[in-house]
Amino acid sequence: MAFLGTPGKTVQILKKYNFTMQKKYGQNFLVDTNVLEGIVEASGITRQDCVLEIGPGIGTMTQYLAESAREVVAVEIDKALIPILEDTLSSYHNITVVNEDILKVDIRRLAEERNGGAPIKVVANLPYYITTPILMELFESGAPLESVTVMVQTEVAQRMQVGPGTKEYGALSLAVQFYAEPKILMQVSPSCFMPRPKVGSAVVRLSRHAVPPVEVRDARFMFALVRASFNQRRKTLVNGLSHAEGLQITKEQAAEALGRMGLPPVVRGEALTLEQFARLSDLLGG
Ligand code: SAM
């Protein structure tokens, strides 16, 4: 099977299988060989690497990954794509396609089984409707990850890099910066996809920190606090935390912890740095 990364080849496959793209799965397939080559180069894959691809689609990028890596595991939710992938990837013997929702995959176990527990590299043209849950899950799964190279919406790429005081700052910024060093590597125009998305895209590489930039006793608890405070963006942090289900923090406890940090009880979550969230998490008992 020849390389698929052109509009002509992609249309040919879609027609052959009478496949209709599904908006609900964020299906915007890459049809630009320069972008495909750029992503693979940016990910720094070598022949030693085990790569996890999220959402292979018709297998366009999977082919490129298989040419560079030792092994590729491609997780695709849409079962209508599985017979297509069997066809387009038939000449490769280092690819395993898994028909599953990536949010239900035990990524830690996958790395254990496929790579002896050594760090894997993740590469994906992500489905934009679940970018944040996928990235949070990747990091919070505790799976050994060396890097995550992903195509995301330009706006999301920007969110990964900002700090307090900007309107883009949120749970994703904090999670990405706690676990990794984000770098925007390429801007990608809608014309490189089929169908064209309404938004601009960017390729970002997240290189896992050897040691997180702040110390915290329980990172999961810290991110539960972070999510609670950004879920209720317009509320004060005290209100956000005390109303969050599952956290069981009272207004008094939240206000007291903030006081010990020298912060007023009316402060909002969006004003806190990663370091302050870590301190708050330790004070509130995580
Ligand atoms: N990699 C292909 C490419 O670049 O042309 C397709 C990328 S497309 C933006 C996103 C892909 O992710 C689609 O194939 C879609 O079906 C798949 N997908 C969507 N939600 C998913 C999920 N929860 N788990 C696994 N795959 C998913």
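For ligands, and for the atoms within them, numbers begin at 1 and follow the listed sequence. Computation of the quantities below employed the complete heavy-atom set of this structure, encompassing side-chain atoms and omitting hydrogens, waters and symmetry-equivalent molecules.
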Which segment of Tyr128 sits under 4.0 Å of ligand 1 when only heavy atoms are counted = neither

message = A quick test of your reading: do over 12 heavy atoms of other residues, nucleotides or ligands sit less than 6.0 Å from CD of Gln248?
response = no

inquiry  = According to ring pair (Phe, Tyr, Trp, His ring centres under 6.0 Å), who are the partners of Phe178, at least two apart in sequence or on a separate chain?
reply    = Phe223

ask   = Taking the non-hydrogen atoms of Phe193, is any one of them nearer than 4.0 angstrom to ligand 1?
value = no

key: Within 6.0 Å of CD in Gln22, more than 12 heavy atoms from elsewhere   = yes

task = Could you tell me if any non-hydrogen atom of Glu53 lies under 4.0 Å from any atom of ligand 1?
result = yes

task = With heavy atoms only and a cut-off of under 4.0 Å, state how Pro56 meets ligand 1: side chain, backbone, both or neither.
result = backbone

message = Check Arg109 with Glu113, please: is the shortest side-chain N to carboxylate O separation under 4.0 Å?
response = yes

task = Can you establish whether the number of heavy atoms outside Asp101 located under 6.0 Å from its atom CG is more than 12?
result = yes

request  = Might you work through the salt bridge (Lys or Arg N to Asp or Glu O under 4.0 Å) test for Asp49 and Arg70, ending with a clear yes or no?
outcome  = CA-CA 5 Å; Asp49 286 321; Arg70 187 192 81 231; over 6 Å; no

ask   = Which residue supplies the protein heavy atom nearest to atom 16 (O) of ligand 1, what is that atom called, and how far is it?
value = Glu76 OE2, 2.6 Å

ask   = How does Ile134 reach ligand 1, if at all, at less than 4.0 Å between non-hydrogen atoms: by side chain, backbone, both, or neither?
value = neither

task = Answer yes or no for Val105: is there a heavy-atom contact with ligand 1 below 4.0 Å?
result = no

task = Using a strict cut-off of less than 4.0 Å between a Lys/Arg side-chain nitrogen and an Asp/Glu carboxylate oxygen, indicate whether Lys198 and Glu155 qualify as a salt bridge.
result = no

request  = For Ile130 and ligand 1, answer yes if some heavy atom of the residue is under 4.0 Å from a ligand atom, otherwise no.
outcome  = yes

query = Does Met151 have a heavy atom less than 4.0 Å from any atom of ligand 1?
reply = no

query = Out of Gly55, Ser201, Ala74, Gly26, whose heavy atom is nearest to atom 1 (N) of ligand 1?
reply = Gly55

request  = Assess whether atom NZ of Lys235 is packed by more than 12 heavy atoms of other residues, nucleotides or ligands within 6.0 Å.
outcome  = yes

ask   = Hey, is Met61 one of the residues with a heavy atom under 4.0 angstrom from ligand 1?
value = no

